[in-house]
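Taking it in order: structure first as structure tokens, then the write-up.
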Amino acid sequence: MLYSKLAQAYSRLEATTKRLEMLEIAAELLRETPPEEMERVIYLTQGKIHPNWMGLPELGMAEKMAIEAVARATNVGKEEVQGLLKQLGDLGLVAERLIQEGRVKKLSQKPLTVREVYETLDRIARESGKGSSERKIMGLVSLLVNASPLEARYLVRTVEGRLRLGLGDMTILDALAEAFTGSRENRGVLERAYNLTSDLGYVARVLAEEGLEAVKRVKIVVGKPVRMMLAQRLSTAKEIVEKLNGRCSAEYKLDGERFQIHKKGSEVQIYSRRLENITYMYPDVREMALTHIKAEEAIVEGEGVAVDPETNELRPFQLLMQRRRKYRIEEMVKKIPVTVFLFDCLYADGEDLTLEPYPVRRKKLHEIIEVGPRFQITKSLVSSDPREIERFFDEAISEGCEGLVVKSTAEDSIYRAGARSWLWVKLKRSYQSKMVEPVDLVVVGAFYGRGKRAGTYGALLAAAYDHENDTFKTVCKVGSGFTDEDLAKMPSMFEEYRLPHKPPRVEALIDPDVWFNPAIVIEVIGDEITLSPVHTCAFNLLREGSGLAIRFPRFTGRWRSDKSPEDATTVKEIVDMYKAQLRTI
Ligand code: AMP
């Protein structure tokens, strides 16, 4: 397969502002992809070379090196490349222009193949040690001298780790269903296989090679992260007990980072909620997993929480975020130790437990875990009495938890990978306003600041996630709650996500000064949720011509870098919160 096919599709994807069109273009590309190229095409289109969770070296060549490569390939001075970069704002466009102008002395006219591009990019990513910069530069040069102008645009962006075509996982699944089964209705089957393996390339190859029936047979594998089950929310214990038909187990909701721990003999991998491989950040957790998980092979889940090294008391989430780093890890292990509170077991010694009811999984967890001071199992209370659950809630809060997660214990209480399901319902701490809980929103645009905020952004346009059609719908403009430090770092922090037009997956009636690809998630609390004609969240659902908005929104100070845009609060949750609010007035 020729790389030019990809470049042409990317250029069309980049030009579209409509999600349906985006889907059509992606489906067409996948239909034309031979099965043996499928994984490479999927990863390249996502701007990477492997699923992130593999923890392999990723693309992200420094701009200085990429400039050097473009200069060498086109026989142009570095200064000229830098000058063009200032003018065009994107090194991909610079390379495209220079090649268009015929600056490359073609060694051969060999067209680039997908395999060659993929293998060279993989080699570039893996190069390390002495002389690696030179080898990386020459790797890119070797591609650019054979590239067409359009190919050069995307090669440079890819190698810099900045392809960003804005295709979400769900859109790719839709496109695959469309391309290979003729109907998006089959997305569910593909989504299930993806939820169990977190590997779009793998699911796509199975589909292209063996068909839909084979995709139905895909199973969980120790070492491949399972997309995590998420919780719904309600505001009172009474509502939760009713929703779960009185068959529930309430558990402490710890305020930390979710860990999915995979153990296979002496090998341990730890995955974050966004399925990044974070094993290297938590060598202490890795050690504990080896000594405290008695099963040879297991997949367990829990929450890692920062604790005080002296008192072992729970510490706030922000402190734990300091453990998210690449360097000086051992120092942080001592400074901010972590206690893991486990709450689920997905797999143990050959047994896939994801289709077992929660009490069975919990029992298995007790069987395979040897509890220690820093490796525990969450405290739980099996009860159908709302008052008893409320007391347990107060106790959880007083011990430094965020609230409770109440889980169904019914026969059908399976582990629903990747789903925000009513089998788990969270009850969070109240903030003494009508809007009882904060929400996690995706930043999709911004408005320039004035006066004291000149030079930075005055407010951010924030959106909720609509799982139904994989889009983001605006719900408020947040301008307060930011510290001077937050304001100062915002322009550079958002720079790489800037787009010259509205991102295709964003639905908005407001036109901000700048648009951003949905990437950064912030926590926001407001006074209440109101009907609003200017926001698109739940538009026309509750009232013709109105959506829902958050009134008096404030940033709580929490940049939720642990959440991906698709993990943000959903439109449906906001609708539920609005309805719950009406009941309490
Ligand atoms: P939220 O991030 O507000 O949607 O809440 C769901 C998150 O709470 C999960 O993804 C876990 O990281 C966390 N959590 C803390 N304690 C528990 C628990 N006992 N059971 C399930 N999730 C928990």
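Computed from a prediction, not measured in an experiment: that's the story for all the values here. Both counts, for ligands and for their atoms, begin at 1 and track the order of listing.
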Side chain, backbone, both or neither: the part of Arg233 lying under 4.0 Å from ligand 1 by heavy atom: neither
Top protein contact for atom 9 (C) of ligand 1, by heavy-atom distance: Arg258 NH1, 3.4 Å
Lys NZ or Arg CZ of Lys473 over Phe539 ring: under 6.0 Å, within 45°: no
Over-ring placement of Arg560 relative to Phe317, 6.0 Å and 45° cut-offs: yes
Nitrogen or oxygen atoms of Leu254 and ligand 1 under 3.5 Å apart: yes
Thr378: numbered ligand 1 atoms lying under 4.0 Å from its heavy atoms: 19 (N)
Nearest-0.5 Å distance that lies between atom NZ in Lys263 and atom CD in Glu296: 5.5 Å
For atom 20 (N) of ligand 1, the option (of Lys253, Lys407, Lys428, Glu573) bearing the nearest heavy atom: Lys407
Nearest-contact summary for atom 14 (N) of ligand 1 - protein heavy atom, Å: Glu303 OE1, 3.6 Å
Centroid-centroid under 6.0 Å between Phe343 and Tyr252 rings: no
Short N or O distance, Glu251 and ligand 1, threshold 3.5 Å exclusive: yes
Residues Phe259, Tyr282; criterion ring-ring contact (aromatic ring centres under 6.0 Å, His included); working and verdict: CA-CA 10 Å; Phe259 289 153; Tyr282 294 101; 4.8 Å; yes
Backbone of Ala549 reached by a side-chain donor or acceptor of Arg551 within 3.5 Å: no
Identity and separation of the nearest protein heavy atom to atom 4 (O) of ligand 1: Lys426 NZ, 2.5 Å
Beyond-backbone contact of Gln46 with Pro51, side-chain heavy atoms, under 4.5 angstrom: no
4.0 Å heavy-atom contact, Trp424 with ligand 1: yes
Protein heavy-atom partner closest to atom 17 (C) of ligand 1 - residue, atom, separation in Å: Phe343 CE2, 3.6 Å
Nearest-0.5 Å distance, CG of residue Asp255 to CG of residue Leu319: 11.5 Å
Proximal atoms of ligand 1 relative to Lys563 (non-hydrogen, under 4.0 Å): 1 (P), 2 (O), 4 (O)
Ligand-side contact atoms (ligand 1) for residue partner Arg273, heavy atom cut-off under 4.0 Å: 2 (O), 10 (O)
